[in-house]
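The next block holds one structure in the form of structure tokens; read it before the comments.
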Amino acid sequence: MKIRFCLILSLLFIIGLSSCASVPASGEGAAPAVQDSHKEKKQNPKKLLFEDWKYKGFGQALPVWFEAAYNDDEEKLAKALPQLAGHKLLVIRGEGVNSDQADKVLKIKEEEIPSDYILYDSSWALFRKEKSGTYIAIAVFYN
């Protein structure tokens, strides 16, 4: 009986110690996903152009080229993609009520692209609106 009591007591002690693990501060030693979510909460939500995007849940930032491509700003797009300097860029877009629908519309439009263009990257994001949002999928091709 004493042995069982000692085993149960030591087990409770170990569980108690393991539940007291500390979490690092958001600025130092925290995972990138944790840091990103804290930065996003500090931003003014009205200033964010996009609420959600591809791989946001995995802690990745919105691609640097996405907003320039969304706004059809060729100068900013060229600055965001210096590795494609000297190439002709082609941007296509698809919209939908969810990310799957936006991607399907984008895939249909991709079939019309000439075969000499190469896909650089594609992504989707949820555009922030007053009450509801629109998902936008964008692909960048180069020649």
Side-chain angles (χ1 to χ4, degrees), residues 4-143:
R4 283 186 185 171
F5 180 73
C6 289
L7 287 174
I8 292 172
L9 187 61
S10 61
L11 183 62
L12 288 174
F13 180 71
I14 291 171
I15 292 172
L17 283 178
S18 63
S19 66
C20 293
S22 64
V23 177
S26 64
E28 300 173 7
V34 174
Q35 291 176 0
D36 288 343
S37 65
H38 290 299
K39 287 179 186 175
E40 197 170 296
K41 288 177 185 175
K42 290 179 184 177
Q43 291 178 355
N44 185 353
K46 292 182 181 178
K47 290 185 179 180
L48 291 175
L49 187 58
F50 301 103
E51 288 182 12
D52 191 17
W53 53 84
K54 189 176 184 180
Y55 304 126
K56 178 183 178 186
F58 296 111
Q60 291 185 2
L62 185 69
V64 293
W65 56 265
F66 193 87
E67 191 169 340
Y70 174 77
N71 292 324
D72 294 324
D73 191 342
E74 293 178 12
E75 186 178 314
K76 285 185 180 179
L77 186 61
K79 287 180 182 178
L81 301 172
Q83 63 273 27
L84 298 181
H87 292 281
K88 185 176 179 183
L89 300 178
L90 178 65
V91 177
I92 59 171
R93 148 192 329 211
E95 294 184 8
V97 295
N98 58 35
S99 61
D100 292 332
Q101 186 182 25
D103 275 336
K104 285 179 185 177
V105 171
L106 186 68
K107 294 295 180 198
I108 292 170
K109 290 183 178 182
E110 282 181 9
E111 294 173 359
E112 300 170 3
I113 301 297
S115 61
D116 58 337
Y117 278 90
I118 301 168
L119 176 66
Y120 170 73
D121 196 7
S122 66
S123 188
W124 60 262
L126 173 62
F127 181 69
R128 177 182 278 281
K129 286 190 176 180
E130 296 282 328
K131 294 181 181 177
S132 64
T134 301
Y135 283 85
I136 295 128
I138 298 178
V140 176
F141 290 83
Y142 67 95
N143 183 345

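If you're wondering where the values come from, they're calculated on a predicted model, not measured in any experiment. Heavy-atom basis, side chains included; hydrogens, waters and symmetry copies ignored.
The distance from atom CG of Asp100 to atom OH of Tyr135, rounded to the nearest 0.5 Å, is 9.5 Å. The distance from the CG atom of Leu62 to the OH atom of Tyr55 is 13.5 Å, given to the nearest 0.5 Å. For the atom pair CD1 (Ile136) and OG (Ser99), the distance works out to 12.0 Å, reported to the nearest 0.5 Å. Rounded to the nearest 0.5 Å, atoms CZ (Phe141) and CD1 (Ile118) are 10.5 Å apart. With rounding to the nearest 0.5 Å, the separation of CD1 in Ile138 from OH in Tyr70 is 8.0 Å. The line from OH of Tyr117 to CG of Leu89 is 8.5 Å long, rounded to the nearest 0.5 Å.
Heavy atoms only, all atoms of each residue included: Ala139 and Leu119 are closest at CB-CD1, 3.9 Å. Closest approach of Val105 and Gly94 over heavy atoms only: CG1-CA, 3.7 Å. Residues Val97 and Gln101 come closest through the heavy atom pair N-OE1, 2.8 Å.
Annotation: Gln83, atom CD; neighbour count of heavy atoms from other residues, nucleotides and ligands within 6.0 Å is above 12. Summarising the local packing, NZ of Lys54 is surrounded by more than 12 heavy atoms from other residues, nucleotides or ligands at distances under 6.0 Å.
For the pair Asn143/Asp116, a side-chain contact is recorded, criterion being any heavy-atom separation below 4.5 Å from C-beta on.
Checked by atom type and distance alone, the side chain of Trp53 pairs as donor or acceptor with a backbone atom of Gln60 at under 3.5 Å.
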Verify side-chain contact (heavy atoms from CB on, under 4.5 Å) between Ser123 and Trp65, making sure each step is shown before the conclusion. CA-CA 10 Å; Ser123 188; Trp65 56 265; 4.2 Å; yes
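In summary, Asp72 and Arg93 engage in a salt bridge, as defined by a charged side-chain N under 4.0 Å from a carboxylate O. Here Lys107 does not pair with Glu111 in a salt bridge; the nearest charged N to carboxylate O distance is not below 4.0 Å.
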